[in-house]
Asks: 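Sharing a structure below in structure tokens format, with a few things to ask.
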Amino acid sequence: MILLGSTNANIGFPTGMEILRSGGSALDAVEATIRPVEDNPADRTVGFNGYPNILGDLELDASLMDGRTLESGAVGAMKGVIPAISVARKVMETLPHVLLVGDGADRFAKEMGFESAAELLTPEVIAARETILRQDMSAEEFEALQDTDNLRQWVRLATDPERTYGTVNVIAQDKDGNIACGVSTSGWAWKYPGRLGDSPIIGAGNYADNRYGAAACTGMGEMAIRASTARSIVLYMKMGLTLADACAQAMQDLNELGGSFIGRMNLVALDKDGTPAGYSSMKGKTFIYQTDAMADYVEQERTLVEIEERWG
Ligand code: ASP
């Protein structure tokens with residue numbers, strides 16, 4: 001059995017490993033590993049206290065996929081509820097749908113008994129938004145954001161990598177060999193309201209299939225949507241590529257995307273035999289994993305595959 005994920009998942013690893021060690025399912029381990037990350041106020045990219053959209057509203061995206069059946073659940077641009085990953089699981093388990101967004105996701109969460117979290121942003125993050133945005137706009141422009149008919153001009157501020165990137169990815173394989181994959185994020189800081197990234201899109205930021213493996217992404221979600229990255233990795237393994245070749249090919253697909261908006265990408269992936277992998281378009285990025293034979297998780301550098309960044 002194995003648990004792997006983006007490095008910011010480390011806070012949830014003890015709980016997730018405990019579940020796997022006591023014979024629990026990969027699905028339970030993934031959900032339980034992600035929940036503490038969503039609760040962590042210091043993580044500005046996931047759940048509670050994540051950086052909000054350009055108007056100051058937190059919009060959460062999350063998805064969960066069960067590699068046994070390919071059943072999936074996801075929420076997108078959900079405003080008032082955490083843990084988003086658990087709402088995604090309820091979508092999977094109780095509805096004939098896969099993805100709920102916006103008000104519908106919030107409404108469903110309440111129906112399922114999740115408390116709406118009235119204050120999902122701390123005063124510190126609310127103040128940080130103003131400080132950061134005010135580096136690029138006047139006080140008048142900041143005040144007028146809610147009503148402007150040219151909000152789109154400020155989306156360029158969502159391109160600063162120091163401010164925007166991050167998401168949690170977790171993949172688990174349990175003692176029965178079942179695989180599950182979960183992803184949760186507050187998305188790009190300062191994104192346009194209503195923007196969905198790859199995280200709630202099955203096949204883009206998340207995919208799991210017991211027969212071949214699983215993959216999940218962090219980075220510029222639009223690219224993973226366009227290239228169907230998580231599904232591509234699993235499909236490449238189905239077609240006979242090794243885990244390493246499948247990941248390298250998926251990174252190459254991203255590098256070959258045309259158009260004007262190309263940024264960073266990171267992958268974590270697992271093959272059906274329980275081999276973990278991490279890839280990044282940036283040098284020095286890490287991922288973590290732990291097997292039942294290991295007392296603690298290890299942090300390992302991701303394999304670098306460069307992607308030429310361009311914007312506009
Ligand atoms: N992939 C996420 C998104 O596009 C953000 C990130 O991982 O940095 O919303």
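We count ligands from 1, going down the list as the structure has it; atoms in each ligand are counted the same way.
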Asks: Given Met65, which partner from the list Asp209, Val98, Leu70, Leu27 fulfils the side-chain contact (heavy atoms from CB on, under 4.5 Å) test?
Replies: Leu70
Asks: Pick whichever of Asp61, Ile201, Thr167 has a heavy atom sitting closest to atom 6 (C) of ligand 1.
Replies: Thr167
Asks: Does a side-chain N-to-carboxylate-O contact under 4.0 Å join Glu124 and Arg44?
Replies: yes
Asks: Report the residues that fulfil side-chain contact (heavy atoms from CB on, under 4.5 Å) with Lys272, sequence neighbours left out, ordered by chain and then residue number.
Replies: none
Asks: Give the atoms of ligand 1, by number and element, whose distance to some non-hydrogen atom of Gly221 is under 4.0 Å.
Replies: 1 (N), 4 (O)
Asks: Between Arg264 and ligand 1, find which residue part has any heavy-atom pair under 4.0 Å and reply side chain, backbone, both or neither.
Replies: neither
Asks: Which is closest to atom 1 (N) of ligand 1 by heavy-atom distance: Gly197, Ser199, Gly219?
Replies: Gly219
Asks: Under 4.0 Å from any heavy atom of Thr218, which atoms of ligand 1 are there?
Replies: 7 (O)
Asks: What atoms of ligand 1 come within less than 4.0 Å of a heavy atom belonging to Asp198?
Replies: 1 (N), 2 (C), 3 (C), 4 (O)
Asks: Work out whether the distance between some heavy atom of Gly166 and some atom of ligand 1 is less than 4.0 Å.
Replies: yes
Asks: Around Glu256, counting heavy atoms of other residues, nucleotides and ligands shown, do more than 12 lie under 6.0 Å from its CD?
Replies: yes
Asks: Show me the pairs that pass salt bridge (charged side-chain N to carboxylate O under 4.0 Å, His left out) and involve residues 221-247, at least two apart or across chains.
Replies: Arg195-Glu222
Asks: Check whether any side-chain heavy atom of Lys90 sits under 4.5 Å from a side-chain heavy atom of Phe114, and report yes or no.
Replies: yes
Asks: With atom 3 (C) of ligand 1 as the reference point, say which of Glu222, Arg195, Met265 has the nearest heavy atom.
Replies: Arg195
Asks: Please verify whether a non-hydrogen atom of Lys191 lies at under 4.0 Å from ligand 1.
Replies: no
Asks: Can you check whether Leu196 reaches Glu59 side chain to side chain, under 4.5 Å on heavy atoms?
Replies: no
